[in-house]
S.K.: 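This is the structure I want to talk about, given as structure tokens.
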Amino acid sequence: ISFNHNVGDTQCPQSIGSFSVTNNSTSTRTFTVTVEGPLQVSTSSFTLAPGDVQNVAVQFTCAQASNFVGRVTVSTGGVSSSGTITGNVG
């Protein structure tokens with residue numbers, strides 16, 4: 001995800017996108033979502049039955065007034081997957 005934020009013009013916190021997590025296993029799993037950088041997510045922990053899907057919204061908290069690269073990581077059962085978020089703040 002990449003986004004632009006204009007200080008003083010863009011609403012804070014700023015919605016910058018979302019992603020979906022699907023439980024592709026054959027058992028119920030608990031997932032955790034962590035962030036690095038001035039970001040927040042709509043949920044940081046959830047449990048999914050096999051085949052279920054959880055949407056997670058990502059927001060820029062406006063706690064930084066300069067460009068940054070952040071990260072969102074989803075983990076379950078010792079396995080994790082990360083995505084980079086680039087913020088162009090000016």
S.K.: Out of curiosity, F60 CZ to Q11 CD, how far, rounded to the nearest 0.5 Å?
M.R.: 13.0 Å
S.K.: Could you check whether any side-chain N or O of T22 sits under 3.5 Å from a backbone N or O of N24, counting only pairs where one atom can act as donor and the other as acceptor?
M.R.: no
S.K.: Tell me the ring pair (Phe, Tyr, Trp, His ring centres under 6.0 Å) pairs involving residues 15-38, sequence neighbours left out?
M.R.: F31-F46
S.K.: Taking distance alone, no hydrogens or angles, what donor-acceptor pairs closer than 3.5 Å link side-chain atoms of residues 80-90 to residues at least two apart or in another chain?
M.R.:
residue, atom, partner, partner atom, Å
S82, OG, T73, OG1, 2.8
N88, ND2, F3, O, 3.3
N88, ND2, N4, OD1, 3.2

S.K.: Does T47 have any side chain to side chain donor-acceptor pair (under 3.5 Å) partners at least two apart in sequence or in another chain, and if so, which?
M.R.: T30
S.K.: Cluster question for you: counting only ILVMFWY and a side-chain heavy-atom cut-off of under 4.5 Å, with indirect links fine, are V69 and I1 together?
M.R.: no
S.K.: Can you list every disulfide (SG to SG under 2.5 Å) pair that touches residues 15-45, not counting sequence neighbours?
M.R.: none
S.K.: Please list all pairs passing the disulfide (SG to SG under 2.5 Å) test where one or both residues lie in residues 30-90, with sequence neighbours left out.
M.R.: C12-C62
S.K.: What residues, two or more places apart in sequence or in another chain, satisfy side chain to side chain contact (heavy atoms under 4.5 Å, CB included) together with S20?
M.R.: V53, N55
S.K.: Check side chain to side chain donor-acceptor pair (under 3.5 Å) between Q54 and all other residues, then give those that pass, not counting sequence neighbours.
M.R.: none
S.K.: Could I get the full list of side chain to side chain contact (heavy atoms under 4.5 Å, CB included) partners for D9, not counting sequence neighbours?
M.R.: N6
S.K.: Taking disulfide (SG to SG under 2.5 Å) as the cut-off, I'd like each qualifying pair that reaches into residues 24-60, sequence neighbours left out, listed once.
M.R.: none
S.K.: Any non-hydrogen side-chain atom of N23 less than 4.5 Å from a side-chain atom of R29?
M.R.: yes
S.K.: Identify all side-chain donor-acceptor contacts of residues 33-45 below 3.5 Å with residues at least two apart in sequence or on another chain.
M.R.:
residue, atom, partner, partner atom, Å
Q40, NE2, Q59, OE1, 2.5
S42, OG, A57, N, 2.9
T43, OG1, S45, O, 3.2

